[in-house]
Novice: 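My questions all concern the structure below.
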Amino acid sequence: MTKQLPKDFAWGNSTSSMQTEGAWNIGGKGKSVYDDRPATENSSDWHDAIDEYHRYEEDFDLMAKQGMNFYRFQISWSRVNPDGDGEFNEEGIEFYSKLIDALLARNITPMICLYHFDMPLHLAEKYNGFLSRHVVDAFVRYGEEMVKRFGSRVKYWITFNEQNLYHMGEAFRIAGYLEGDKTDDELYQISHHVMLAHAGVANYIHDNTDCKIGGMLAYSEAYPASPDPKDVLYARQINEFMNRDLLDAFVYGRYSNEVMTFVKNHGIDMDFQPEDEDVLIKLTSDFIAFSYYRSDTISAAQVPEGTIPNHYLDEGIKKNPYLKASEFGWQIDPLGFRDILTKVYNEYGVPMFPIENGIGVREEFDGGEIQDDYRISYHREHIQAMEDAIFEDGVDVIGYLGWGLIDIPSSSGNMDKRYGTVYVNRTNHDLKDMRRVPKKSYWWLKHVIETNGADLSDIN
């Protein structure tokens with residue numbers, strides 16, 4: 001019997017608004033926390049990105065020509081609701097309405113992400129972002145309004161990009177938090193508030209629509225650096241605190257027993273109010289979405305005593321001698337991708353949806369086609385690992401979305417770190433003409449999609 005992916009398997013692309021749109025001060029958009037961040041030696045500012053605001057038709061044509069049938073994009077909260085509170089901006093809402101129609105006209109299924117780290121500046125300055133329950137309420141109001149506006153045309157939703165990042169030190173950079181001592185209590189309050197915000201929108205969707213929504217994680221496999229039982233313990237705790245704690249909430253409507261026991265034993269104030277249980281207990285997920293780029297390896301000996309599991313990788317990350325790494329130090333591990341797909345599906349039984357995967361590389365454009373065989377190799381190995389999870393392990397996988405398959409600035413604003421199968425002609429400090437130029441990998445992925453994943457071989 002030939003192994004074939006379902007005819008409706010999703011092949012596509014994922015992006016965020018601040019890494020694509022530009023148009024930071026037009027169309028009634030309010031400021032987000034990104035809009036005042038200056039360019040640095042190794043990064044651009046966030047004012048122009050790849051000018052998707054004006055060029056989305058061109059980019060959607062490139063996606064359609066490649067055969068993509070799915071696009072996960074982000075609504076900028078401050079574009080549709082300039083202060084994050086108060087009146088909605090009809091001009092901003094109309095922009096996304098036209099964008100959705102342009103996707104549907106090309107038979108590309110849209111998926112909306114509501115938040116990708118770009119807190120409206122007003123909410124950050126007045127309330128310190130998700131440290132405040134006021135911001136939770138503002139987010140749920142924003143999310144419900146977007147579902148009301150677009151839910152008849154957009155059937156796939158996620159709330160927070162990589163929600164487990166709010167369980168580690170990164171939370172203070174991405175939650176709109178501008179001042180404070182970055183305490184463990186505050187970390188747990190932010191992560192809990194973000195989960196309440198997710199649950200508020202997810203419960204609304206399930207109560208009022210036929211749309212699908214799932215939680216999303218940044219899932220990096222964590223390996224013990226050695227057979228030392230303490231390394232094994234730390235690797236397991238990383239998975240429990242960074243991943244399973246959220247998966248338990250997404251699927252079962254409750255936090256991990258181990259994590260909640262830790263919170264109690266260590267006197268952590270996570271601002272869990274009695275009424276919160278009523279919100280969480282209703283929570284379910286139609287799928288589990290996740291990003292996957294790499295795996296990590298933990299050495300317990302490098303972690304100072306008293307460090308909470310949320311910070312183990314800040315101290316104890318170690319190079320894995322069995323894996324190659326990208327030039328940015330991310331270790332390439334397709335087998336880890338398969339393992340995550342399989343173990344999460346085995347445990348939770350919810351369809352899996354990898355919605356970010358890719359490799360960032362410095363590339364120069366000299367007028368000819370960029371020969372990015374390294375990108376072809378990366379995607380081939382990860383798609384093969386996914387197919388092994390599907391055909392060998394029995395995992396239900398909705399689709400495969402690459403990250404930023406048209407070049408965009410990286411999450412740090414670095415245009416030099418390119419993930420795309422299409423080159424965008426700009427640098428960190430020179431916008432040039434932003435011309436779109438397909439790379440060799442564009443044509444390879446086009447063939448993969450045409451064969452619905454059946455042929456991953458090289459192209460001439």
Novice: Quick one: pull up CG in Asn164 and CG in Asp245 and give me the separation to the nearest 0.5 Å.
Specialist: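 Reported to 0.5 Å precision, the distance equals 10.0 Å.
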Novice: Checking side-chain contact (heavy atoms from CB on, under 4.5 Å) between Val344 and each of Leu341, Asn346, Thr342, Ile340, which is the one that passes?
Specialist: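 Going through the options one by one, the only one that passes is Ile340.
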Novice: Any heavy-atom pair between the side chains of Leu445 and Gln66 that's under 4.5 Å?
Specialist: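 Of all side-chain heavy-atom pairs linking Leu445 with Gln66, at least one is under 4.5 Å.
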Novice: Tell me, please, which residues at least two apart from Phe365 pass ring-ring contact (aromatic ring centres under 6.0 Å, His included).
Specialist: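 With neighbours one apart ignored, the set is Tyr423.
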Novice: Listed by chain and number, what are the side chain to side chain donor-acceptor pair (under 3.5 Å) partners of Glu387, not counting sequence neighbours?
Specialist: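 Checked Glu387 against side chain to side chain donor-acceptor pair (under 3.5 Å); zero matches.
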Novice: To the nearest 0.5 Å, what is the distance between CG on Leu313 and CD1 on Ile238?
Specialist: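 With rounding to 0.5 Å, CG (Leu313) is 4.0 Å from CD1 (Ile238).
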Novice: Is any side-chain heavy atom of Gln331 less than 4.5 Å from a side-chain heavy atom of Tyr223?
Specialist: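 Counting from C-beta outward, Gln331 and Tyr223 never come under 4.5 Å.
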Novice: Output the distance between atom OG (Ser32) and atom CH2 (Trp24), rounded to the nearest 0.5 Å.
Specialist: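 One gets 10.0 Å once the value is rounded to the nearest 0.5 Å.
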Novice: Show me the donor-acceptor pairs, under 3.5 Å and distance only, between side chains in residues 257-264 and residues at least two apart or in other chains.
Specialist:
| unit_1 | atom_1 | unit_2 | atom_2 | d |
| --- | --- | --- | --- | --- |
| Glu258 | OE1 | Arg236 | NH1 | 2.8 |
| Glu258 | OE2 | Arg236 | NH2 | 3.1 |
| Thr261 | OG1 | Asn257 | O | 2.7 |

Novice: Sequence neighbours left out, what passes side chain to side chain donor-acceptor pair (under 3.5 Å) with Tyr252? Give chain and number order.
Specialist: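 Testing Tyr252 for side chain to side chain donor-acceptor pair (under 3.5 Å), a comparison that skips the adjacent residues, returns none.
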Novice: For a quick check under 3.5 Å, do Ser256 and Asp248 share a side-chain donor-acceptor pair by atom type?
Specialist: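 Checked: Ser256/Asp248 side chains show no N/O donor-acceptor pair below 3.5 Å.
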Novice: Considering only heavy atoms from C-beta outward, does the side chain of Glu162 approach that of Phe117 to under 4.5 Å?
Specialist: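 They are in side-chain contact.
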Novice: Distance to the ring centre below 6.0 angstrom and angle to the axis at most 45 degrees; does that hold for Lys29 and Trp46?
Specialist: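 No, Lys29 does not lie over the aromatic ring of Trp46.
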Novice: Got Ile100 and Val154 here, is their nearest side-chain heavy-atom distance under 4.5 Å?
Specialist: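 Side chain of Ile100 against side chain of Val154, heavy atoms only: contact under 4.5 Å found.
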Novice: Test: salt bridge (charged side-chain N to carboxylate O under 4.0 Å, His left out). Region: residues 52-74. Which pairs qualify, not counting sequence neighbours?
Specialist: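 Checked against salt bridge (charged side-chain N to carboxylate O under 4.0 Å, His left out) - neighbours excluded - the pairs reaching residues 52-74 are Glu52-Arg436, Arg55-Glu58, Glu57-Arg106, Asp59-Arg436, Asp61-Arg106, Arg72-Glu356.
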Novice: Going by the rule ring-ring contact (aromatic ring centres under 6.0 Å, His included), which residues pair with Tyr71 if we only count those two or more places apart in sequence or in a different chain?
Specialist: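 Per chain and number, Tyr71 pairs via ring-ring contact (aromatic ring centres under 6.0 Å, His included) with Phe60, Phe73.
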Novice: Looking at Pro354 and Met386, what are the two nearest heavy atoms and their distance?
Specialist: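 Taking every non-hydrogen atom into account, CG-SD, 4.4 Å.
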Novice: Determine whether more than 12 heavy atoms belonging to other residues, nucleotides or ligands lie under 6.0 Å from atom NZ of Lys212.
Specialist: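 No, because the 6.0 Å sphere around NZ of Lys212 holds 12 heavy atoms or fewer from other groups.
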Novice: For Asp455, does the CG atom sit with more than 12 other heavy atoms under 6.0 Å from it, leaving out its own atoms?
Specialist: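 Atom CG in Asp455 is packed in, count exceeds 12.
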Novice: Side chains of Thr307 and Glu315: any donor to acceptor distance under 3.5 Å?
Specialist: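 No.
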Novice: Check whether the ring centres of Phe172 and Tyr177 lie less than 6.0 Å apart, and answer yes or no.
Specialist: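 Ring-ring flag for Phe172/Tyr177: true, centres closer than 6.0 Å.
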Novice: Under 3.5 Å, is there a donor on one side chain and an acceptor on the other for Asn414 and Asn428?
Specialist: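 Their side chains do contain a donor-acceptor pair, which is all the 3.5 Å distance test asks for.
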Novice: So, using side chain to side chain donor-acceptor pair (under 3.5 Å) as the criterion, who are the partners of Asp433 when residues are at least two apart?
Specialist: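 Checked Asp433 against side chain to side chain donor-acceptor pair (under 3.5 Å); matches are Asn425.
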Novice: Flag yes if more than 12 heavy atoms outside Lys446 fall under 6.0 Å of its NZ atom; otherwise flag no.
Specialist: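 Counting other residues, nucleotides and ligands, NZ of Lys446 exceeds 12 neighbours.
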Novice: Can you pull the salt bridge (charged side-chain N to carboxylate O under 4.0 Å, His left out) pairs that have at least one residue in residues 163-175, sequence neighbours excluded?
Specialist: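 Those involving residues 163-175 are Glu170-Arg173.
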Novice: Tell me every residue that passes ring-ring contact (aromatic ring centres under 6.0 Å, His included) with Phe160, counting only those two or more places apart in sequence or in another chain.
Specialist: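 Phe160 satisfies ring-ring contact (aromatic ring centres under 6.0 Å, His included) with Tyr115, Phe130, Phe139, Tyr166 only.
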Novice: Measure the spacing between CE of Met63 and CG of Leu103 and express it to the nearest 0.5 Å.
Specialist: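 Interatomic distance, Met63 CE to Leu103 CG, rounded to 0.5 Å: 6.0 Å.
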Novice: Which residues satisfy the ring-ring contact (aromatic ring centres under 6.0 Å, His included) test with Trp157, sequence neighbours excluded?
Specialist: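 Counting only residues at least two positions away or on another chain, Trp157 forms no ring-ring contact (aromatic ring centres under 6.0 Å, His included).
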Novice: Do Asp48 and Tyr53 meet the criterion of a side-chain donor-acceptor pair at a distance under 3.5 Å?
Specialist: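 No, no side-chain donor-acceptor pair sits under 3.5 Å.
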Novice: Is there any salt bridge (charged side-chain N to carboxylate O under 4.0 Å, His left out) pair reaching into residues 360-378, and which pairs are they, with sequence neighbours excluded?
Specialist: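 Applying salt bridge (charged side-chain N to carboxylate O under 4.0 Å, His left out) to every pair that reaches into residues 360-378, excluding sequence neighbours, yields Glu327-Arg362, Glu363-Arg375, Glu363-Lys439, Asp372-Arg375, Asp373-Lys440.
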Novice: I'd like to know if the side chain of Asp314 pairs up with that of His311 as donor and acceptor (distance under 3.5 Å, no hydrogens or angles considered).
Specialist: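 There is such a pair (donor and acceptor under 3.5 Å, judged by atom type) between the side chains of Asp314 and His311.
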Novice: Residues two or more places apart in sequence or in another chain: which of them pass side chain to side chain donor-acceptor pair (under 3.5 Å) with Asn42?
Specialist: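 Residues passing side chain to side chain donor-acceptor pair (under 3.5 Å) with Asn42: none at all.
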Novice: Is there a side-chain contact between Phe287 and Ile158, using heavy atoms and a 4.5 Å cut-off?
Specialist: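 Yes - at least one pair of side-chain heavy atoms lies under 4.5 Å apart.
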Novice: Can you confirm whether Trp444 sits close enough to His379 that some side-chain heavy atom of one is under 4.5 Å from a side-chain heavy atom of the other?
Specialist: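 With C-beta onward as the side chain, the pair touches.
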Novice: Going from OG on Ser191 to CZ on Phe241, what distance comes out if it is rounded to the nearest 0.5 angstrom?
Specialist: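 If we round to the nearest 0.5 Å, Ser191:OG and Phe241:CZ are 11.0 Å apart.
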Novice: May I ask you to check whether Tyr378 and Asn357 show a side-chain donor-acceptor distance below 3.5 Å?
Specialist: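 Side chains of Tyr378 and Asn357: pair found under 3.5 Å.
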Novice: Let me see the working for Arg338 and Glu392 under salt bridge (Lys or Arg N to Asp or Glu O under 4.0 Å), right down to the final yes or no.
Specialist: CA-CA 10 Å; Arg338 174 182 175 178; Glu392 304 298 330; 5.6 Å; no
Novice: Give, for atom CD1 of Ile359 and atom OG of Ser377, the distance between the pair rounded to the nearest 0.5 Å.
Specialist: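 If I round to the nearest 0.5 Å, the distance is 8.5 Å.
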Novice: Assign the ring pair Tyr156 / Phe353 to parallel, tilted or perpendicular, where the plane angle (0 to 90°) is split at 30° and 60°.
Specialist: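 Aromatic pair Tyr156/Phe353 classed perpendicular.
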Novice: Any chance the side chains of Asp271 and His192 put a donor and an acceptor closer than 3.5 Å?
Specialist: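 Not at all, the side chains of Asp271 and His192 share no donor-acceptor pair under 3.5 Å.
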Novice: Are a donor atom and an acceptor atom from the side chains of His382 and Tyr400 found within less than 3.5 Å of each other?
Specialist: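 There is no such pair (donor and acceptor under 3.5 Å, judged by atom type) between the side chains of His382 and Tyr400.
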Novice: Hey, are Arg426 and Asp407 close enough for a salt bridge, meaning a charged N less than 4.0 Å from a carboxylate O?
Specialist: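 Answer for the salt bridge query: no.
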Novice: Can you list the steps and then say if Gln74 with Asp118 is a side-chain hydrogen bond (donor to acceptor under 3.5 Å, both in side chains)?
Specialist: CA-CA 10 Å; Gln74 183 220 342; Asp118 55 341; 2.9 Å; yes
